[in-house]
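Convention: sequence-line order gives letters A, B, ...; per-chain numbering from 1. When reading the values below, keep in mind they use all heavy atoms of this one structure, side chains included, and skip hydrogens, waters and symmetry mates.
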2 protein chains.
Amino acid sequence: MASPSLISNGGAAGVESVPAPVTGRFASVYSEVQASRIDHALPLPSVLRKPFKVVDGPASSAAGNPEEIAKLFPNVFGQPSALLAPSDSDSGLPEQKLKIGVVLSGGQAPGGHNVISGIFDYLQDRAKGSTMYGFRGGPAGIMKNKYIELTPEYIYPYRNQGGFDMIRSGRDKIESPEQFKQAQETAVKLDLDGLVVIGGDDSNTNACLLAENFTVKNLKTRVIGCPKTIDGDLKCKEVPISFGFDTACKAVKNFMQIYAEMIGNVMIDARSTGKYYHFVRLMGRAASHITLECALQTHPNITIIGEEVAAKKLTLKNVTDHIVNVILKRADLGYNYGVILIPEGLIDFIPEVQQLIAELNEILAHEVVDEDGLWKKKLTSQSLELFDFLPEAIQEQLMLERDPHGNVQVAKIETEKMLIQMVETDLAKRKQEGSYNGHFQGQSHFFGYQGRCGLPTNFDSTYCYALGYAAGALLHSGKTGLISSVGNLDAPVEEWTVGGTALTSLMDVERRHGKFKPVIKKAMVELEGAPFKKFASLRNDWAINNRYISPGGL
Amino acid sequence: MASPSLISNGGAAGVESVPAPVTGRFASVYSEVQASRIDHALPLPSVLRKPFKVVDGPASSAAGNPEEIAKLFPNVFGQPSALLAPSDSDSGLPEQKLKIGVVLSGGQAPGGHNVISGIFDYLQDRAKGSTMYGFRGGPAGIMKNKYIELTPEYIYPYRNQGGFDMIRSGRDKIESPEQFKQAQETAVKLDLDGLVVIGGDDSNTNACLLAENFTVKNLKTRVIGCPKTIDGDLKCKEVPISFGFDTACKAVKNFMQIYAEMIGNVMIDARSTGKYYHFVRLMGRAASHITLECALQTHPNITIIGEEVAAKKLTLKNVTDHIVNVILKRADLGYNYGVILIPEGLIDFIPEVQQLIAELNEILAHEVVDEDGLWKKKLTSQSLELFDFLPEAIQEQLMLERDPHGNVQVAKIETEKMLIQMVETDLAKRKQEGSYNGHFQGQSHFFGYQGRCGLPTNFDSTYCYALGYAAGALLHSGKTGLISSVGNLDAPVEEWTVGGTALTSLMDVERRHGKFKPVIKKAMVELEGAPFKKFASLRNDWAINNRYISPGGL
């Protein structure tokens with residue numbers, strides 16, 4: 001029976017809050033901070049403020065297996081990078097009204113709305129009378145031709161705001177011949193001159209497949225990608241950073257850095273109570289960039305970097321031992337508290353766990369799992385040992401929760417809780433043996449969804465706006481199969497470089513189901529790179545001494 | 001075996017960060033934001049800037065059962081409130097060097113360091129040559145005489161900073177005759193003129209017991225309390241707000257409001273993905289002030305207020321039904337997402353859950369729990385029905401995890417996950433019946449530790465400083481058994497009122513183990529109060545429409 005008890009009689013009368021400037025952002029209202037961001041003026045790189053010409057570089061290749069990439073993309077492979085350069089004369093670009101579509105693909109990252117504003121403003125500034133469509137709900141919006149026409153009034157309330165709610169995002173892919181056909185139909189129906197795909201590695205690979213497909217089908221629709229991922233794992237020489245990453249982690253003056261701020265707060269909490277070990281799991285499935293960056297910002301006692309775990313072929317027991325050893329040392333110094341950062345994807349980096357999961361998938365697909373545990377005999381001895389080492393709750397998760405394809409849902413495993421339990425067990429044993437005298441209390445945290453929808457930093461706002469503006473310029477110049485590239489980011493904004501990079505130049509192939517599949521390689525934490533080396537040189541100090549930094553809000 | 005693999009050879013060489021201004025805050029280093037806060041000048045109420053006199057009000061009574069309170073506190077009961085008033089002449093206070101101790105008691109709340117700075121500065125300004133001791137690790141520090149002498153250099157780096165790490169806090173209580181004796185010994189040994197206890201309702205009750213005890217024992221040591229709780233449940237007419245509450249919830253211009261910011265971010269996330277219901281559990285065991293305040297700030301779709309649940313004697317099923325009904329209505333409108341706020345203490349507010357737990361405690365203490373579930377027959381039919389209604393994981397938690405006294409650890413129950421499971425089950429049933437057509441995916445969050453250690457807002461910084469300064473003035477004036485009271489907080493700081501309120505006037509008695517025990521009644525959300533009424537008049541609108549506000553950082 002329904003409970004009306006928590007529904008007031010008062011009804012929906014009298015919402016007192018300030019309404020949004022226009023009603024575009026659904027029925028939303030704005031906080032002071034949000035409102036103050038909307039009219040924040042964004043600087044453009046100087047090359048985008050004046051007439052420009054497109055200078056092509058040398059022909060490009062691929063990140064690996066160029067001959068296979070060339071076969072997969074006969075039309076767009078090998079394209080030169082395009083660089084925008086100042087031009088004395090007019091740009092030479094046609095005075096043309098363009099019809100441009102845009103789509104957001106995958107998880108949110110702060111700044112997405114500004115990419116769209118950037119494209120839109122390019123069209124307003126340089127191709128007056130153009131039309132822009134936003135496909136709703138990700139690539140599915142392209143396939144189903146579900147869109148809205150973007151107007152200045154509609155876009156306005158989203159400028160410099162977090163989230164992807166202007167047109168929403170989605171995770172569908174355009175893969176099958178039928179789906180490509182649907183995309184072609186939409187492109188033809190809307191008479192699209194261009195399409196901008198804002199997304200991560202998979203989405204940009206998809207953008208390139210669309211570019212190739214439209215070219216083959218002789219459509220006029222050109223496709224440009226824009227790099228977007230909060231995890232920071234989509235980058236190369238020409239695309240030094242993906243938007244969203246900055247907001248999630250990097251210190252930017254005068255603006256909030258959500259994760260680092262929260263970590264800083266639990267650090268003060270740890271030091272104030274003196275009795276908790278905070279285990280903080282951070283976003284980043286495939287790469288540990290966020291975790292590394294947050295470690296450099298805040299100086300936790302222990303940080304696990306997935307790429308290092310994989311490179312050193314560490315076992316789960318090695319990782320646990322490492323944590324326990326630091327806890328023991330700290331207990332000797334009288335510190336029974338600390339802060340530990342763990343990347344979301346840790347489990348994926350541990351070879352033995354991958355092996356165990358593969359074996360379990362196999363067994364569960366074909367065997368009866370008996371209560372007496374005879375099924376366990378099907379496990380290799382190494383996997384059996386690992387299975388028995390795992391806390392019961394994790395064992396259950398591995399046995400029970402499968403996705404529709406029969407695979408373990410690794411994403412659902414709460415790694416931070418698993419590690420707490422394993423450390424607890426180990427320390428209890430040592431306490432019994434008399435080799436540990438401290439007290440241990442773990443607190444688990446997952447800092448995830450709070451970060452990816454934050455207001456973009458000034459850097460992300462400006463960077464995304466330039467990416468969008470550049471995408472407009474590339475489409476206007478007739479380019480296709482490129483990813484919008486804004487570089488020289490350490491310099492002042494006016495000196496930023498602007499251009500496009502052949503998407504195929506970022507690609508390699510992977511063999512799947514007997515076929516070559518193009519993939520943009522994820523950018524992993526480089527163990528020889530400066531950020532990791534800096535971390536590695538400091539972590540022993542951070543482990544024992546308390547070098548916490550709390551970035552705070554402002 | 002230990003794994004040295006994650007320990008670098010580089011060692012502790014070359015920490016590059018900026019060192020803290022002095023080394024007092026352990027070996028810490030400061031972020032820019034933290035550093036900029038330290039020298040932030042704080043205004044004082046005008047009465048504290050000039051000579052003042054103490055004006056006593058009429059004799060006080062108690063919040064309930066005054067005759068019992070009078071018996072428990074024969075010496076300090078009935079004291080008038082003290083109000084500081086401007087004085088033309090000199091303050092008339094003795095030119096005396098004071099020895100004052102301070103202790104932090106209970107969980108952290110932003111601003112604690114400023115109370116200490118306030119006391120310290122009072123002594124520097126008005127009782128030159130005084131000495132101040134910080135008892136370390138809470139009331140245990142008093143009993144064990146573990147303290148540090150506070151100097152300007154030691155205090156400096158903690159000014160306007162979050163956390164309680166200057167002297168740490170603790171949850172011990174001074175209760176037994178032996179413990180009171182220890183406290184007396186410390187007071188005598190340090191020759192203390194006064195002691196300031198910064199804490200919540202229990203700690204302030206304890207402060208009053210100490211005041212009474214020291215008076216009975218003819219010690220010169222006077223005791224003043226300061227109101228501190230992040231939950232906002234310690235307030236009365238004279239103590240309109242506890243510090244910490246503001247930082248955790250209330251909108252204060254130009255400064256972060258951690259919880260509201262995080263809720264705002266998951267709101268944008270919900271709207272951007274269009275597929276998650278975010279269940280957010282917020283701090284507040286005994287009262288739902290934080291949840292209500294956050295709701296008023298951010299306009300979630302559903303907010304559960306514990307006090308209302310208790311007043312209406314709702315069952316867990318009523319609460320679940322309420323959530324499900326809103327989800328159904330939203331699904332009809334095409335919204336398969338939303339944000340739901342839940343107070344940490346929800347379970348404590350549901351009478352049937354309390355009943356079930358009491359029965360389980362009884363059964364588990366005396367009966368054998370058989371695998372076939374025959375033990376369940378000992379439950380009353382209502383409790384049995386509830387038990388069977390609960391998700392399996394919660395059943396297990398109720399059966400297994402007990403504290404040393406054999407009680408269920410209610411605090412460990414993840415209410416938000418429990419509700420997600422119950423809603424899931426209900427919706428699955430409705431889907432089968434054909435009465436629900438949407439899709440539901442719950443995401444659970446606990447916003448707790450991230451909030452209580454944040455940097456204090458300007459308001460909390462100023463308010464706490466005034467509380468501390470006032471505590472110094474009250475001790476200097478020879479007062480004991482009062483709680484430092486700063487009022488008229490809606491006016492500019494210079495107009496704030498400053499004084500002390502008899503702690504006994506906040507008290508009632510509870511009957512425990514056949515004895516009367518003094519307690520300061522927790523301030524609950526008043527269902528007839530303006531904040532709840534405002535919420536109640538708007539929630540139907542928030543439930544269906546999306547009136548989200550994202551306060552953002554700045």
K.L.:
What closest approach, in Å, do Asp165(A) and Ser272(B) show between heavy atoms, and which atom pair accounts for it?
P.N.:
N-OG, 3.1 Å

K.L.:
Closest approach of Arg168(B) and Arg271(A), non-hydrogen atoms and distance?
P.N.:
NE-O, 2.7 Å

K.L.:
Taking the side chain as C-beta and beyond, is there a heavy-atom pair between Gln108(A) and Thr273(B) under 4.5 Å?
P.N.:
yes

K.L.:
Where does Phe446(B) contact chain A at under 4.5 Å (heavy atoms): side chain, backbone, both or neither?
P.N.:
neither

K.L.:
Using a 4.5 Å cut-off on heavy atoms from C-beta on, say whether the side chain of Lys275(B) contacts that of Arg171(A).
P.N.:
yes

K.L.:
As an exercise: rank Ile544(B), Asp269(B), Leu328(B) by heavy-atom pairs under 4.5 Å with chain A and give me the winner.
P.N.:
Asp269(B)

K.L.:
Measure the spacing between CZ of Phe164(A) and CD1 of Ile268(B) and express it to the nearest 0.5 Å.
P.N.:
12.0 Å

